[in-house]
Novice: 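To start, I am sharing the structure in question, which I have written as structure tokens.
What you see is a predicted model, and the numbers here were worked out from it, not measured in a lab.
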Amino acid sequence: MSDRPVLLITGASSGIGAATARAVHGAGFRVALAARRLEPLQLLATELGGESHATAVVCDAADWDQVQAAVATTVAAYGRLDAVFANAGFGAVRGLLNETPEHWRDMVLTNLLGPALLMRASIPELEKTRGHVIVTASIAGHTPIVGSLYSATKHGVVAPVETARKALVPRGIRVTAISPGNVDTPFFDNQPQIALTSDDVARAALFALQQPEHVAINEIVMRHRDQEV
């Protein structure tokens, strides 16, 4: 087995997840690409050099059994797990009378429960490698957005990441939350005119991963220079 580090990414089929996979692969990582859609994962895995460099794993980030299986598949493929990136998530139209309750439920489970499930499933392996947990939070988790349940889910991510950090310090595991502002990704139906790119956020994730072992980047808050909110 290679000693090159291994990163498991949820929400890896597009946007920030796919950009991060490319960035860390270029820095020498092997990657496990997890998402609900298999075909784009397979295309990305092929782009990154095939099974010895990248493997595709179908996974609903809100499903405990599937998250456990994604971690097990990654370790079986590469013999180790050095970091996980809980990136899967989606939004909803603002307004408390918009969207369906079913959409809200799925969003809460994916955005809020998903990172907790990935942490729980991966801690035993990350403890072996003194590994790293990264979670995609959001500016929306710092600044309340009127009528936005999405904003509430991201507020619900920021605090648990800090509680997880305190719990995982004794296990030698680093924890980082990345809170971007607007990002030009398929996440938005109408792309914002002022936005970061997925590559911008990917560089932030790689920056956190590449710090010396004694340095923990606990949170990165980032916006396009011209974004006011």
Side-chain angles (χ1 to χ4, degrees), residues 1-35 37-59 61 66-88 114-115 117-136 161 164-165 168-169 171-178 197-218 220:
M1 287 287 184
S2 170
D3 61 355
R4 288 188 294 128
V6 176
L7 171 64
L8 167 61
I9 307 172
T10 63
S13 59
S14 63
I16 292 169
T20 301
R22 294 184 178 99
V24 301
H25 171 261
F29 281 73
R30 294 169 292 170
V31 290
L33 309 169
R37 297 178 298 148
L38 179 60
E39 185 177 357
L41 296 178
Q42 290 175 325
L43 291 173
L44 180 56
T46 299
E47 174 192 332
L48 298 179
E51 291 185 358
S52 63
H53 300 277
T55 189
V57 184
V58 174
C59 177
Q66 292 186 37
V67 172
Q68 285 183 298
V71 171
T73 298
T74 303
V75 175
Y78 298 123
R80 60 188 294 164
L81 182 62
D82 297 87
V84 295
F85 187 4
N87 171 67
L117 294 180
L118 184 58
M119 281 190 275
R120 179 167 181 151
S122 62
I123 284 170
E125 295 298 330
L126 295 177
E127 192 168 14
K128 296 175 186 176
T129 57
R130 298 183 65 82
H132 201 146
V133 174
I134 301 178
V135 179
T136 299
V161 166
R165 183 194 70 79
L168 296 179
V169 163
R171 297 175 181 265
I173 299 172
R174 298 185 288 186
V175 179
T176 303
I178 301 178
T197 68
S198 296
D199 289 336
D200 295 329
V201 184
R203 284 194 299 273
L206 182 59
F207 170 76
L209 288 167
Q210 289 185 321
Q211 293 305 302
E213 186 175 339
H214 69 284
V215 177
I217 304 297
N218 301 135
I220 297 174

Novice: Begin with the C-alpha distance, continue with both residues' side-chain angles, and end with the deciding distance and a verdict on side-chain contact (heavy atoms from CB on, under 4.5 Å) for I173 and V133.
Specialist: CA-CA 7 Å; I173 299 172; V133 174; 4.1 Å; yes
Novice: Would you compute the distance between atom OG1 of T74 and atom CZ of R30 and round it to the nearest 0.5 angstrom?
Specialist: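 Between atom OG1 of T74 and atom CZ of R30 there are 11.0 Å.
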Novice: How many angstroms lie between atom CG of L206 and atom CG of D199, to the nearest 0.5 angstrom?
Specialist: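 The distance works out to 11.5 Å.
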Novice: Find out whether F85 and L8 are in side-chain contact, i.e. whether some heavy atom of one side chain is under 4.5 Å from a heavy atom of the other.
Specialist: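 Side chain of F85 against side chain of L8, heavy atoms only: no contact under 4.5 Å found.
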Novice: Show the nearest heavy-atom pair for residues A205 and I134, with the distance to one decimal.
Specialist: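 It is O-CD1, 3.9 Å.
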Novice: Below 4.5 Å, heavy atoms only, C-beta onward: do E39 and S13 meet side chain to side chain?
Specialist: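 Sidechains of S13 and E39: no contact.
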Novice: State whether a side-chain donor-acceptor pair under 3.5 Å links R80 with T129.
Specialist: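 No pair is found: no donor N or O on one side chain lies under 3.5 Å from an acceptor on the other.
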Novice: For S122 versus L81, what's the shortest heavy-atom pair and its separation?
Specialist: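 Residues S122 and L81, closest heavy atoms: CB-CD2, 3.9 Å.
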Novice: On a heavy-atom basis, which atom in A121 and which in V67 lie closest, and how many Å separate them?
Specialist: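 Nearest heavy atoms, A121 then V67: CB-CG1, 3.9 Å.
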Novice: Atom NE2 in H132, atom CD in Q211: separation rounded to 0.5 Å?
Specialist: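 It comes to 9.0 Å.
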Novice: Can a side-chain donor-acceptor contact be found between N87 and T136 if the only test is distance below 3.5 angstrom?
Specialist: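 Side-chain D/A pair, T136 to N87: present.
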Novice: Does the side chain of T176 reach to within under 4.5 Å of the side chain of N218, using non-hydrogen atoms?
Specialist: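 T176 does not reach N218 side chain to side chain.
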Novice: If you take all heavy atoms of A12 and I9, which pair is closest and at what distance?
Specialist: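 It is CB-O, 3.6 Å.
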Novice: Over all heavy atoms of both residues, which pair between M119 and A164 is shortest? Give the atoms and the distance, please.
Specialist: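 What the structure gives for the nearest pair is SD-CB, 3.6 Å.
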Novice: Is any side-chain heavy atom of D82 closer than 4.5 Å to one of L7?
Specialist: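 SC-SC contact between L7 and D82 ruled out.
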Novice: Does some side-chain heavy atom of L48 sit less than 4.5 Å from a side-chain heavy atom of R22?
Specialist: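 The answer is yes, as the side chains (C-beta and beyond) meet within the 4.5 Å cut-off.
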Novice: Can you check side-chain contact (heavy atoms from CB on, under 4.5 Å) on R37 and S14, steps first, answer last?
Specialist: CA-CA 10 Å; R37 297 178 298 148; S14 63; 4.2 Å; yes
Novice: Check whether Y78 reaches the backbone of A32 with its side chain - one donor and one acceptor, N or O, closer than 3.5 Å.
Specialist: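 Side chain of Y78 to backbone of A32: no pair is present.
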Novice: Would you mind reporting whether V201 and I178 have side-chain heavy atoms less than 4.5 Å apart?
Specialist: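 When only atoms from C-beta onward are counted, V201 and I178 do touch, with a gap below 4.5 Å.
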Novice: Could you go through the side-chain contact (heavy atoms from CB on, under 4.5 Å) check for F29 and V6 one step at a time?
Specialist: CA-CA 6 Å; F29 281 73; V6 176; over 6 Å; no
Novice: Are the side chains of I123 and L168 in contact, using a 4.5 Å heavy-atom criterion?
Specialist: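 Touching, per the 4.5 Å side-chain cut-off.
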Novice: Might you confirm whether atom CZ of R120 has over 12 heavy atoms from other residues, nucleotides or ligands at distances under 6.0 Å?
Specialist: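 Atom CZ in R120 is not crowded, with 12 or fewer foreign heavy atoms closer than 6.0 Å.
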Novice: What is the distance from atom CD of E47 to atom CG of L33, rounded to the nearest 0.5 Å?
Specialist: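 One gets 10.0 Å once the value is rounded to the nearest 0.5 Å.
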Novice: Sorted by first residue and then second, give each salt bridge (Lys or Arg N to Asp or Glu O under 4.0 Å) pair with at least one member in residues 203-216; sequence neighbours left out.
Specialist: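 Listed by first then second residue: R130-E213, D200-R203.
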Novice: Search all heavy atoms of A34 against all heavy atoms of C59 and return the closest pair with its distance.
Specialist: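 Taking every non-hydrogen atom into account, CB-CB, 4.0 Å.
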Novice: Should L43 and L41 be marked as a side-chain contact (heavy atoms from CB on, under 4.5 Å) after you check the CA-CA gap, both sets of side-chain angles, and the distance that decides it?
Specialist: CA-CA 5 Å; L43 291 173; L41 296 178; over 6 Å; no
Novice: Counting only heavy atoms not in E51, do more than 12 fall under 6.0 Å of its CD?
Specialist: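 Incorrect, the count does not exceed 12.
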Novice: Heavy atoms, side chains only, cut-off 4.5 Å: are H53 and V31 in contact?
Specialist: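 Sidechains of V31 and H53: no contact.
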Novice: Calculate, to the nearest 0.5 Å, the distance between atoms CG and CZ belonging to L209 and R174 respectively.
Specialist: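 Rounded to the nearest 0.5 Å, the CG-CZ separation comes out at 7.5 Å.
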